[in-house]
Amino acid sequence: MTTEFSIRQLLACLNVSVFDPVIEPALEKACLSEREQETGRGNPFYNMIALIGMIFAALLCFYGLRSYPFAAGVPLFVCCGAAMYKTKSYAVRFFLKTYFISSVLLLTEACFRMSPAIVTAALFIFLTASVLRPVGQGQRILLSLLFFFCVYFVFQETPIAPLGIFFMLGTAGLLFPLKNTYGREPAFIFVFCPLVLILAGEILNVPDIVSLSRESWKMSAFFASGFLILFVGLYRDLEINEIFRFLAGGVALLFCGVFLSAGIEGSLVLFLIAFFTNFEALKRVAVALFCFFFVFFILSLPISLSFAGIISLTAGVFFEVFRLRLRQLSPKE
């Protein structure tokens, strides 16, 4: 059994459906301490922030060197890759990894221009290998991002289907993790990136991805399919009245995506997935995405800016009251 399992998933494997909520925080703390001792990664939240900063810096370097993909990519790849094996300093390795990622991006883009199918197939092989063996978390995230965007650009003329399939695959990967595999990071990327692209298409109005917002009803169907996958994973533990509530919620989410915003629907489904898999980082991401989609939806309505502010303020008060009510209903720790 891998340490990628959450406490809820572990208890589900042991067929424990009712337990004292006081025990869960202690189990999570013990599991985190054990993971830190085994891997030496420390706090996962700060590691994720550092990884995001590293990728952002690598993207800036990649953008500046795009005109010289092989002339700059090959020396950086060889020198930084060799130097990383010679040093154990965290600061030096951070610097080297940043330029190493830049070189990978440069070489991947250059090779992709020559043969998209071969590059995509190679990334799929490397990603599969990283899921089957315990490599670094950053490596799986980088490979997942490269594979996702390569597939997206290959099917750029009809992007809805691959994005929807990615979302469904990511949902299945989070809800039904395979034993002795490390697919949590790829699953996170696969459910996160489609929503980010939809948000970019709505806000930035980029011609290549604006079709995502124009055909939002198709993505709404894929998000509803992700909700059905969640229902399949939970229906054995649900009572009859809970099953009807789940199905009614799925229909409501589908109508929300078709008539209001597919992004709002997707972020809500993402939050439900994170809640039932106990994925804290994904919860925060889902809430942030929901806020962005909700604000953009209010601003896109044919109303004045002052009236949009009143609606947003009312919605904020409603959500705060709802949060406090849920906090009162939750078991005391």
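What you see below is based on every heavy atom in this structure, not just the backbone, and it leaves out hydrogens, waters and symmetry mates. Treat the numbers as computed from the prediction; the structure is a model and nothing was measured. We number each residue from 1, following the sequence as shown.
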Should [X] and [Y] be regarded as members of a common hydrophobic cluster, given that ILVMFWY residues are connected when their side-chain heavy atoms come within less than 4.5 Å of each other, either directly or indirectly?
X: Phe56; Y: Phe148; result: no
X: Phe176; Y: Phe275; result: yes
X: Val287; Y: Ile264; result: no
X: Val196; Y: Ile273; result: yes
X: Leu65; Y: Leu60; result: no

Restricting to non-hydrogen atoms, name the atom on [X] and the atom on [Y] that form the minimum distance, rounded to 0.1 Å.
X: Leu96; Y: Ala83; result: CD1-CB, 3.6 Å
X: Gly263; Y: Leu195; result: O-CD2, 4.0 Å
X: Ser103; Y: Gly73; result: CB-O, 3.3 Å
X: Pro177; Y: Leu174; result: CD-O, 3.8 Å
X: Arg140; Y: Arg133; result: NH1-O, 4.1 Å
X: Leu127; Y: Pro186; result: CD1-CG, 4.0 Å

Margin query: Can you tell me how the ring of Phe294 sits relative to the ring of Phe290, calling it parallel under 30°, perpendicular over 60° and tilted otherwise?
Written below: parallel
Do [X] and [Y] make a side-chain contact, defined as non-hydrogen atoms from C-beta onward lying under 4.5 Å apart?
X: Phe62; Y: Glu109; result: yes
X: Val104; Y: Leu146; result: yes
X: Asn278; Y: Lys283; result: yes
X: Val191; Y: Leu270; result: yes
X: Phe147; Y: Thr120; result: yes
X: Leu247; Y: Ile243; result: yes

With rounding to the nearest 0.5 Å, note down the distance linking [atom1] in [X] to [atom2] in [Y].
X: Leu234; Y: Phe246; atom1: CG; atom2: CZ; value: 5.0 Å
X: Ser130; Y: Leu132; atom1: OG; atom2: CG; value: 8.0 Å
X: Phe149; Y: Leu105; atom1: CZ; atom2: CG; value: 11.0 Å
X: Leu282; Y: Phe192; atom1: CG; atom2: CZ; value: 9.5 Å
X: Thr98; Y: Leu76; atom1: OG1; atom2: CG; value: 11.5 Å
X: Leu145; Y: Phe190; atom1: CG; atom2: CZ; value: 9.0 Å

Note to self: Check whether Phe279 forms a cation-pi arrangement with Arg284 (NZ or CZ under 6.0 Å from the six-membered ring centre, at most 45° off the ring normal).
What the structure shows: no
Notebook entry, point to check: Is the side chain of Ser102 donor-acceptor paired with the backbone N or O of Ala58 at a distance under 3.5 Å, no angle test?
Noted result: yes
Check: Do Phe231 and Phe227 have ring centroids that are under 6.0 Å from one another?
Finding: no
Next item on the list: Check Phe271, Phe166, Phe167 against Phe223 for a ring pair (Phe, Tyr, Trp, His ring centres under 6.0 Å) and give me the one that passes.
Entry: Phe167
